[in-house]
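This report refers to the structure that appears directly beneath it.
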2 protein chains.
Amino acid sequence: MTREEVAVICKAMSDANRLRIIEMLTQGEKCGCHLLEELQVTQPTLSHHMKVLSDCGLVSSYKDGKWQHYSINCEKFKEYKAYIAAITCCGNR
Amino acid sequence: MTREEVAVICKAMSDANRLRIIEMLTQGEKCGCHLLEELQVTQPTLSHHMKVLSDCGLVSSYKDGKWQHYSINCEKFKEYKAYIAAITCCGNR
DNA sequence: CAGTCATATAGATGGTTGTCAATATATATG
DNA sequence: CATATATATTGACAACCATCTATATGACTG
């Protein structure tokens, strides 16, 4: 994963609502309507956030009838975590 | 560390130049003029980036004569890394 | 088919960001 | 003191962002 890519993912995670969404998806796949119940934003705003998270590859989704189901793209997220973890400081990892 | 605080740090790391700066500081303390040599930005732009990194607590600095020396604030950075590492996905940590 | 529900898109708006040129400040040096 | 060096501040500008309202799309349901 390149530095540019990491910067893009960091930007996606630089909004508290989106960070919360990622943490919610930690518990497993969720549909948009469920996420919407928990967040204090309108539906179009949620749709925008999900697009940002999807565009950077952090979140995957599929459509099931009228529901859109979202989940963390584990491979991508693990790559990101590995990059961050590898930035050493004070001799610690 | 709160989610809000993590979001702020993510925002600070969401610029490729700043991410590069952090990686450079990994090798140890550096003065502004040294950082400036490696980056394709003007001095005021570097000064701005260092302020962003300092304001969120990720970078510490002290003045030594005319030089400003910067280094990673290890405690803060480790807190951030721990928060990110704790976001589970696919049952992996 | 008409209505309802989940989601996406369009367009607007106020705020933020990265960047630069110009300038100021502070420190060292001859 | 005059000059050079390192850094910070100011002000401007174009681009981007989070959010909203309004509207469209698409899918199920009676």
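Below, chains carry the letters A, B, ... as their sequence lines are ordered, and counting in each starts from 1. This structure is a prediction, so every number in the text was calculated from the model and none was measured.
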Exercise for review: Let me know the distance between CE of B:Met13 and P of C:dT17, rounded to the nearest Å.
Suggested key: 16 Å
Check your understanding: Do other residues, nucleotides or ligands put more than 12 heavy atoms under 6.0 Å from A:Gln27 CD?
Key -> yes
Review point. To the nearest Å, how far apart are B:Tyr62 OH and D:dT7 C1'?
Key: 15 Å
Check your understanding: With the sugar-phosphate defined as primed atoms, P, OP1 and OP2, and the base as all remaining atoms, what B/S/- string results for nucleotides 19-30 of chain D, 5' to 3', for protein heavy atoms under 4.0 Å?
Key -> BBBB----SS--
Check your understanding: What is the distance from CZ of B:Arg18 to C1' of C:dT19, rounded to the nearest Å?
Key -> 12 Å
Review point. B:Leu39 CG to D:dA6 P: how many Å, rounded?
Key: 16 Å
Point to revise | Test side chain to side chain donor-acceptor pair (under 3.5 Å) applied to A:Glu23 - qualifying residues, sequence neighbours left out | key: B:Arg3, B:Tyr83
Study note, to complete from the structure: Of B:Gln68 and A:Val52, the one whose nearest nucleotide on DNA chain D sits closer to the 5' end is B:Gln68
Revision key, fill the gap. For B:Met24 and B:Glu38 the tightest heavy-atom approach is CE-CG, 3.2 Å
Review point. Regarding B:Glu75 and B:Tyr80, is there a side-chain donor-to-acceptor distance under 3.5 Å anywhere?
Key: no
Check your understanding: Over how many whole Å does the gap from B:Leu19 atom CG to C:dG18 atom P extend?
Key -> 13 Å
Study note, to complete from the structure: When rounded to whole Å, the NE2 to C1' distance for the pair B:His69 and C:dA26 reads 15 Å
Study note, to complete from the structure: Nearest heavy-atom contact between B:Ile22 and B:Met13 is CD1-SD, 3.7 Å
Check your understanding: Taking all atoms of both residues into account, what is the closest heavy-atom pair of B:Gly32 and B:Leu46, and its distance?
Key -> O-CD2, 3.3 Å
Point to revise | Spacing of B:Leu46 atom CG relative to D:dT5 atom C1', expressed in whole Å | key: 15 Å
Check your understanding: Which residue, A:Leu36 or A:Lys11, contacts DNA chain C at a nucleotide closer to its 5' end, judged by nearest heavy atom?
Key -> A:Leu36
Review point. Rounding to a whole Å, what distance do you find between A:Lys30:NZ and C:dA6:P?
Key: 16 Å
